[in-house]
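Model, not experiment: these values are computed from the prediction.
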Amino acid sequence: MTVLTPAFRRLVLARSLSWFGNSMAPVVLAFAVLDAGGSAVEVGLVVGVRSVCNVVLLLFGGVLADRLPRALVLQGAALLAALVQGTVGAAVLAGRSPLGVLMLLGAVQGAASAVSVPASSALIPLTVSAGALRRANALSRMGMNTGMIAGTSLGGLLAAVVGPGWGMVLDAVAFLAAAVGYRLAGRALRSGRGGVPGRGAASSGAVPVPVGPARPWHELREGWREFASRTWVWVVVAQFFVVNAVAAGGVQVLGPTVADATFGRTAWGLVLAAQMAGALAGGLLVARSRARHALRIGVAVVALDALPLLALAQPAEVWLLSAAMFINGIAIEQFGVAWDVSLQENVPPARLARVYSYDALGSTLALPVGEMAAGPLAERFGTRAALLGGVLLVVVATAAALSSREVRGLTTGTGSTGSGAAPGAKGVPDPGAGREPPDAAGTEGGPGGGAVLPGG
């Protein structure tokens, strides 16, 4: 079966548009704070509020995505993002954008993203055959990275030429188009045109979920057992607890500050685009990869996250910083595809969104700390010392993850999805068996007609 089913094509298009908006958002938001006279500390505060709201609601986002049609969740998310971005963009253009308004934008985006991240990540296996997962994830991420290249480039350029307000308006248009794409993907799933032969309920684009009244705490505990029973999952999540905090503080907070003081905003937009271009190139490489120990390779190359921090810490030329970001982008993609395929091949579909939500929670829990601490640390010890400290943390966290035998030994490319129990627990029955498929059921638009934002 070909990878490019109608549901898959529409999902990739919608995710690409969402990432166009999401990648531009932090760039224009940071420069909107700086234009209003804010400091690096206030930039960190604004972007940190988004992460706090995201962390608080992530787990319940996973529960929701395992109970409702995932395409519907994403559609509602994109519509909410369009409304918020358009409103705040208009306020920025009108000169009515105090710090509180920008913090509100970040808060709403974070809350909405918490619901959409698990739904987005867990939807791909429903649109392709098990044997095509690696290629499908690579193609999907290439589409996302294409959107991110355009978003980051335009974010810096618009902030420099016409101001960050217009970037927010363009965000709103992109999210509105993404909502249309998610709606079309949901239609294809319900009609069976995105179905996968031989996948049971998933053949019509569905995932088994509990019937009857929702029991969020019980379902959260069920997801936690699935997450904690696999050592390789929580070890890698712990690694990214550190890596993501460092990257958020170093690149998202200190990066714009360094750029404003040295090579300028336009060059910073191009530097960020170089990272996305590297990720696009990495997608081409990983789509052709047949490595069985993909997770081991992906975890190891995460150490290259240190390169951009090293370049920012030195009085480096823009081309050198761009080269570091390009290499880092390639490394990010090797890990990203390996991680998605590892989860999709080893976690039962009925609980996949909840496992993704615990993954996202662990990986993003330190983001508010990293974002809010970067400014004060740079003021206390100097920007260079703060960035070099981040380099050390990335290297140590990666070495610790690679010390796990389960991380080094996990293999991918089995040709199956969500095949079963945790290691050492063979024969455990699947609690999701025999339940109704929400992605194929119900009227168009689903119960309540609502959902929330595109984070993935």
Under the side chain to side chain contact (heavy atoms under 4.5 Å, CB included) rule, what do Leu320 and Met325 come out as? Steps first, then yes or no, please.
CA-CA 9 Å; Leu320 186 59; Met325 294 287 267; over 6 Å; no
Given Leu270 and Val318, is the side chain to side chain contact (heavy atoms under 4.5 Å, CB included) satisfied, shown in steps?
CA-CA 9 Å; Leu270 296 176; Val318 172; over 6 Å; no
If we only count heavy atoms from C-beta on, is the [X] to [Y] side-chain gap below 4.5 Å?
| X | Y | answer |
| --- | --- | --- |
| Val271 | Ser322 | yes |
| Leu312 | Leu254 | no |
| Leu157 | Thr266 | yes |
| Leu304 | Val394 | no |
| Phe335 | Val236 | yes |
| Leu154 | Met24 | yes |
| Val246 | Leu309 | yes |
| Phe227 | Val237 | yes |

Kindly compute the distance separating [atom1] ([X]) from [atom2] ([Y]), expressed to the nearest 0.5 Å.
| X | Y | atom1 | atom2 | value |
| --- | --- | --- | --- | --- |
| Arg351 | Glu226 | CZ | CD | 4.0 Å |
| Tyr358 | Leu361 | OH | CG | 8.0 Å |
| Phe326 | Leu321 | CZ | CG | 14.0 Å |
| Leu11 | Ser18 | CG | OG | 9.5 Å |
| Gln252 | Thr257 | CD | OG1 | 12.0 Å |
| Leu158 | Leu170 | CG | CG | 6.5 Å |

Enumerate the residue pairs fulfilling salt bridge (charged side-chain N to carboxylate O under 4.0 Å, His left out) with a member in [range], sequence neighbours excluded, ordered by first and then second residue.
| range | result |
| --- | --- |
| residues 319-331 | none |
| residues 158-172 | none |
| residues 106-130 | none |

Pair listing, side chain to side chain donor-acceptor pair (under 3.5 Å) test, anchored in residues 270-279, at least two apart
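Only Gln275-Asn328 qualify under side chain to side chain donor-acceptor pair (under 3.5 Å).
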Tell me the side chain to side chain donor-acceptor pair (under 3.5 Å) pairs involving residues 334-343, sequence neighbours left out?
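Output for this query lists Trp339-Asp359, Asp340-Tyr356.
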Report yes or no: does [X] contribute a side-chain atom to a donor-acceptor pair with the main-chain N or O of [Y] at less than 3.5 Å?
| X | Y | result |
| --- | --- | --- |
| Thr5 | Thr127 | yes |
| Ser16 | Gly143 | yes |
| Ser140 | Asn137 | no |

Could you tell me which non-hydrogen atom of [X] sits nearest to which non-hydrogen atom of [Y], and how far apart they are?
| X | Y | answer |
| --- | --- | --- |
| Ala138 | Val337 | CA-CG2, 3.9 Å |
| Leu280 | Met142 | CD1-O, 3.5 Å |
| Tyr182 | Arg15 | OH-CA, 3.5 Å |
| Ala401 | Val299 | CB-CG1, 3.8 Å |
| Ala248 | Glu371 | CB-CG, 3.6 Å |
| Pro256 | Val251 | CD-O, 3.3 Å |

Side chain to side chain contact (heavy atoms under 4.5 Å, CB included) between Leu83 and Val108, intermediate numbers included
CA-CA 10 Å; Leu83 176 63; Val108 175; over 6 Å; no
Working note: Asp305 + Val391, criterion side chain to side chain contact (heavy atoms under 4.5 Å, CB included); need CA distance, chi angles, decisive distance, verdict.
CA-CA 8 Å; Asp305 265 33; Val391 169; over 6 Å; no
Under the side chain to side chain contact (heavy atoms under 4.5 Å, CB included) rule, collect the residues that match up with Ala174, sequence neighbours excluded.
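Scan of Ala174 (side chain to side chain contact (heavy atoms under 4.5 Å, CB included), adjacent residues dropped) gives Phe20.
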